Amino acid sequence: MFCKASPSLQTLRTAHSTVSQSNIAQKGKLLKGKVKKIQVKGFITAEEGTLLESLSWSRPLDVITDIHGGSLLVELISAETDTRTLMEKGPVEDYAQRVWFEFRDEKYKCVFDMPEDFGTVGAIRVQNQHRREIFIKEMELELPSGSVTFTCNSWVAPKSVDPKKRIFFSNKSYLPSTTPEPLKNLRKEELETLQGNNRERVGEFAKYERVYDYDVYNDVGDPEKDEKLARPVMGGLSHPYPRRCKTGRKPCDKDPSSEKRKGEFYVPRDEEFSTTKDTAFTGKAVLAALPSVFPQIEAALLDPNLPFPHFKSIEDLFEVGIDIPKKAGLLPMIPKLIKVVAEAPNNLLQFDPPILLNSTNFPASSLVLQDRFSWIRDDEFARQTLAGLNPYSIQLVTEWPLKSNLDPAVYGDPESLITWDIVEREIRGVMSVDEALKNKRLFMLDYHDLLLPYVNKVRELADTTLYASRTLFFLSDDSTLRPVAIELTRPPDVNRPQWRQVFTPGYDATSCWLWKLAKTHAVAHDAGYHQLISHWLRTHCCMEPYIIAANRQLCAMHPIYRLLHPHFRYTMEINARARQSLVNAGGIIETCFWPGKYSLQLSSDVYAKLWRFDREGLPADLISRGLAVEDETAEHGLRLTIPDYPFANDGLMLWDALKEWITEYVKHYYPDEVLIMLDEELQGWWSEVRNIGHGDKKDEPWWPVLRTQDDLIGVVTTIAWVASGHHAAVNFGQYGYGGYFPNRPTTTRIRMPVEEPTDEELKEFYEEPEKVLLKTFPSQKQATQVMVTLDLLSTHSPDEEYLGEEPESSWANDPVIFAAYKRFKARLQHLEEVIDERNVNVSLKNRAGAGVVKYELLKPLSKPGVTGMGVPYSVSI
């Protein structure tokens with residue numbers, strides 16, 4: 001047993017301790033007094049906010065502040081402990097004064113009286129004395145040992161709004177365990193700020209805030225405006241879904257489970273578009289403005305809800321244009337797509353011909369398409385499954401007969417009507433079905449089980465119809481696919497039995513037209529799946545939790561944060577705008593695509609049943625669809641089932657380049673796998689991704705665990721691929737392939753003419769089959785709205801950051817990492833050369849040949865605009 005110290009002994013110890021601390025402090029002051037000081041200049045490069053902010057009432061007051069030299073209070077924080085006092089060194093500070101400006105660019109200067117033994121500057125703190133926010137790009141310190149740059153690229157709110165000093169770390173990366181002692185508290189403080197732990201206000205997040213938190217998708221519906229716009233919450237047991245950024249808005253009065261949509265959608269301040277990108281997309285947000293643009297287009301159409309009367313009227317959108325009102329509003333501001341012809345008596349709404357369907361250079365007013373009717377041919381229909389806008393759906397057929405897994409009591413006979421006889425007849429005796437299965441010659445677009453539960457619901461919506469579909473292809477010896485059969489199915493309902501029919505390429509007029517119509521339905525199904533699943537869900541939606549978790553758990557100086565940060569740029573902002581105008585109730589997707597108001601529910605079903613992180617990397621995805629098998633002797637370690645698969649051929653080269661770069665990076669910072677296990681920030685990030693961001697699937701057994709370098713390399717490469725290569729492949733060809741909408745109709749509006757037709761419907765089909773096809777296509781209103789939207793989504797901003805174009809500052813700061821980056825850049829340059837070579841190799845029939853569109857979607861670099869190429873780091877549009 002220990003004796004308790006007497007009160008007198010405790011008093012003596014306390015007094016001794018106080019005297020000792022006093023002596024140390026006094027000694028420190030004496031020693032510091034003897035330390036020689038040097039002058040260190042600092043230069044801050046900054047940028048004002050928007051033009052409106054620069055013209056605001058507070059601007060003259062800020063000019064006065066600049067004149068008096070009190071624009072920014074800047075503190076320098078040493079990364080070294082004082083060896084004499086064993087305490088953190090005190091900061092040195094100065095007020096920065098504006099010394100230069102041009103338009104919105106500004107430069108500030110400060111001079112610090114720095115102790116000669118101050119040591120390495122590990123961080124700076126900045127307080128904005130202005131009455132407006134300021135964007136700080138970087139700060140450069142001129143030290144005796146050489147200049148040091150702090151890359152900031154961040155908005156700093158004025159002191160009157162947020163008095164806390166902003167922390168910026170140097171370009172040197174540190175794991176938590178290697179962080180210099182004086183920076184550890186700052187590291188912790190910054191993360192707590194981003195987590196919202198230090199937040200004083202309550203309620204909706206303000207524009208200037210930098211809080212990252214999670215919420216469900218409960219803001220896409222708008223029951224306050226109209227009960228018909230109410231939508232179920234996406235996220236939770238009923239509708240599993242990734243989480244989005246929390247906004248803190250109040251619940252709706254009519255439906256407390258939904259969030260009010262009033263005002264702008266909050267994202268943390270540094271996630272918003274730069275002023276360059278904002279200007280390129282017409283002020284604050286073209287996406288947000290699109291609903292006001294569409295009525296102008298509708299007013300210009302004679303019969304917006306009717307089909308186009310003939311194909312010439314579709315071509316006239318590119319060739320002639322249509323009159324729009326004199327007050328064109330926002331139309332002239334839409335990028336590239338719409339040209340206002342000032343010389344014309346009236347303004348014209350004129351669309352640029354899609355570049356991917358017209359790869360020759362031609363005058364914009366001339367519709368001299370390279371192969372105008374390629375879209376209607378079977379070979380092009382098949383080719384686009386491998387080298388088109390949605391190369392993620394084609395899969396190998398491994399079992400026969402084709403069979404549904406749905407309940408036959410509800411959905412009818414599960415066995416497909418595509419029989420052996422049909423297949424063998426269509427492949428003309430080349431081989432039996434057994435041989436085709438054994439030799440991996442049969443492939444399929446399978447939207448049967450996914451769509452069948454939605455068919456009757458969608459058919460209740462106005463002006464649309466739906467089938468479940470299977471489309472079967474045969475692989476020829478030259479690596480091209482040949483369509484064999486399309487099966488369309490309507491499930492039974494209370495009044496009718498199941499209806500289904502198989503359509504094959506025809507040899508007489510009637511069967512040829514039925515085949516064209518069946519293809520239209522099948523392509524529309526693929527277009528909807530592409531937009532909602534391959535694009536929105538698998539890239540935009542699933543990326544957001546990685547970003548939120550990274551900002552909450554990984555400090556800005558963490559090497560993995562700095563590796564992933566360029567892959568996160570603008571994603572949260574574009575997703576917020578999508579919730580405003582694209583995937584919201586009554587938005588563009590619901591209005592123009594066949595799922596209608598069930599769009600997000602459909603994507604929730606796919607997320608629940610099919611999404612797996614371990615299959616989001618390209619090799620795993622190809623293997624899961626039967627498009628590749630592991631083979632150590634083959635290039636990339638995979639042997640493709642279809643040798644000429646342009647997306648996979650180019651994509652695997654890009655995947656390997658990313659993986660090799662990430663491997664070198666990870667092994668530099670984690671030479672021992674023990675460091676990965678002991679990295680609490682890294683483990684916290686990945687735990688939060690799994691348990692909160694993708695919490696509806698947290699109990700799945702396939703989640704990777706971060707134990708080794710290979711584990712971390714695999715996770716980071718997958719995220720980088722989804723943000724870059726995957727997104728580029730399914731996004732930047734949207735106008736190229738969908739701008740001429742007969743190639744990729746987004747909805748179908750009438751049933752097949754053989755599904756329980758009336759006498760009038762049959763007569764119309766036999767006498768005017770082209771008219772029936774045009775009536776099946778989207779309406780004039782739907783088509784033009786989609787064309788405007790796809791042009792916007794396909795556009796590269798002038799400030800786009802492409803893979804391998806420029807290194808991050810922290811990468812260039814480390815010689816080992818910079819050398820690895822240069823090797824990465826060289827591999828990407830080689831990829832560009834290989835893609836160019838492949839696109840002129842006529843033996844590769846899926847990407848070269850007479851009138852064949854080149855496959856360039858994975859070429860890393862691009863000019864601004866709609867180009868059909870270029871791989872940005874991130875999901876930025």
Side-chain angles (χ1 to χ4, degrees), residues 42-49 53 58 62 65-66 70-79 88 90-98 106-110 112 121-141 148-174 179-180 182-201 205-212 266-272 274-275 550-552 554-558 561-562 565 568 809-810:
F43 295 93
I44 294 175
T45 305
E47 185 178 285
E48 284 187 343
E53 288 174 339
S58 64
D62 289 338
T65 303
D66 290 335
S71 307
L72 300 169
L73 174 62
V74 183
E75 291 182 354
L76 306 184
I77 311 297
S78 176
E88 296 177 8
V92 295
E93 66 178 41
D94 188 36
Y95 282 93
Q97 182 175 9
R98 190 168 76 164
E106 306 173 311
K107 181 161 280 192
Y108 295 81
K109 178 183 177 182
C110 39
F112 303 95
V121 181
I124 60 173
R125 285 193 291 210
V126 179
Q127 189 179 62
N128 181 7
Q129 308 296 307
H130 286 135
R131 288 162 182 80
R132 59 191 168 88
E133 66 177 356
I134 188 170
F135 184 77
I136 298 182
K137 295 181 178 179
E138 65 178 22
M139 179 173 184
E140 184 177 2
L141 292 176
V148 175
T149 300
F150 289 75
T151 303
C152 305
N153 289 327
S154 181
W155 291 98
V156 179
K159 177 184 175 181
S160 58
V161 172
D162 186 4
K164 290 186 62 178
K165 295 172 184 174
R166 282 293 309 280
I167 302 167
F168 299 102
F169 297 103
S170 72
N171 288 337
K172 183 174 176 57
S173 299
Y174 294 101
T179 305
L183 303 183
K184 287 185 176 179
N185 284 337
L186 292 179
R187 185 172 189 142
K188 180 181 178 182
E189 178 186 332
E190 177 68 358
L191 283 176
E192 288 178 345
T193 297
L194 296 174
Q195 292 166 6
N197 296 345
N198 300 328
R199 189 172 186 250
E200 295 180 357
R201 53 180 285 141
F205 295 128
K207 178 183 175 67
Y208 70 86
E209 292 192 82
R210 300 163 52 241
V211 176
Y212 294 78
Y266 164 85
V267 292
R269 185 64 182 98
D270 288 339
E271 300 296 335
E272 293 190 27
S274 72
T275 50
N551 282 279
R552 288 170 53 85
L554 298 176
C555 175
M557 71 168 89
H558 196 290
Y561 180 87
R562 284 178 160 162
H565 184 253
F568 296 159
S809 300
S810 61

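Keep in mind the model is a prediction, meaning the values are calculated, not measured.
The closest side-chain heavy-atom distance from Asn551 to Glu271 is below 4.5 Å. Residues Phe135 and Asn153 meet the side-chain proximity criterion, which asks for heavy atoms closer than 4.5 Å.
Side-chain atoms of Arg166 come within 3.5 Å of backbone atoms of Trp155 as a donor-acceptor pair (strictly under, hydrogens ignored). Side chain of Arg199 to main chain of Thr193: no donor-acceptor pair is present (N/O by atom type, distance under 3.5 Å, no hydrogens or angles). For the pair Gln195 (side chain) and Arg552 (backbone), a donor-acceptor distance under 3.5 Å is present.
Heavy-atom minimum distance, Ile134 versus Ala46: CD1-CB, 3.7 Å. Between His130 and Pro158, the shortest heavy-atom distance links the atoms O-CB, 3.0 Å. For Asp94 against Phe112, the heavy-atom pair with the smallest separation is N-CE2, 3.6 Å. Listed here is the closest heavy atom pair of Ile124 and Cys152: CD1-SG, 4.4 Å. Annotation for Ala123 and Leu186: closest pair CB-CD1, 4.1 Å, computed over non-hydrogen atoms. The two residues Pro182 and Ala79 have their closest heavy-atom pair at CD-O, 3.5 Å.
Between atom CD of residue Glu209 and atom CG of residue Asp162 there is a gap of 8.0 Å, rounded to the nearest 0.5 Å. Expressed to the nearest 0.5 Å, how far CE of Met139 lies from OG1 of Thr45 amounts to 10.0 Å. Ile167 contributes atom CD1, which lies 6.5 Å from atom CZ of Arg125 (distance to the nearest 0.5 angstrom). Distance check, rounded to the nearest 0.5 Å: CD of Glu106 to CD1 of Ile136 gives 10.0 Å. Of the inter-residue distances, the one linking Ser809 atom OG with Glu138 atom CD reads 7.0 Å to the nearest 0.5 angstrom. From Glu93, atom CD reaches atom CG of Leu73 across 5.0 Å, with rounding to the nearest 0.5 Å.
Atom NZ of Lys188 sits in a sparse spot, with 12 or fewer heavy atoms from other residues, nucleotides or ligands closer than 6.0 Å. Atom NZ of Lys109 is surrounded by 12 or fewer heavy atoms from other residues, nucleotides or ligands within 6.0 Å.
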Can you list the steps and then say if Val148 with Val121 is a side chain to side chain contact (heavy atoms under 4.5 Å, CB included)? CA-CA 9 Å; Val148 175; Val121 181; 5.8 Å; no
As a quick check of understanding, evaluate side chain to side chain contact (heavy atoms under 4.5 Å, CB included) for Val156 and Leu72, giving each step before the final call. CA-CA 10 Å; Val156 179; Leu72 300 169; 5.9 Å; no
Would you sort out whether Gln129 and Lys159 count as a side chain to side chain contact (heavy atoms under 4.5 Å, CB included), showing the intermediate values? CA-CA 6 Å; Gln129 308 296 307; Lys159 177 184 175 181; 3.9 Å; yes
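For Phe150 and Phe168, the distance between ring centers is not under 6.0 angstrom.
Using a cutoff of 4.0 Å between basic side-chain nitrogens and carboxylate oxygens, Lys207 and Glu272 are scored as salt-bridged. Arg210 has a carboxylate O that lies under 4.0 Å from a charged side-chain N of Glu190, or vice versa, which qualifies the two as a salt bridge. A salt bridge is defined here as a Lys NZ or Arg NE, NH1 or NH2 lying under 4.0 Å from an Asp or Glu carboxylate O, and Glu192 with Lys164 fails to meet this definition. Under the 4.0 Å criterion applied to side-chain N and carboxylate O atoms, Arg269 and Glu133 are assigned as salt-bridge partners.
For the pair Lys172 and Tyr174, the cation-pi criterion (under 6.0 Å, within 45° of the ring axis) is fulfilled.
The aromatic rings of Phe568 and Tyr561 stand perpendicular to each other, their planes meeting at an angle above 60°, with 30° marking the opposite boundary.
Side-chain contact annotation: Ser71 with Arg98, donor-acceptor N/O pair under 3.5 Å absent.
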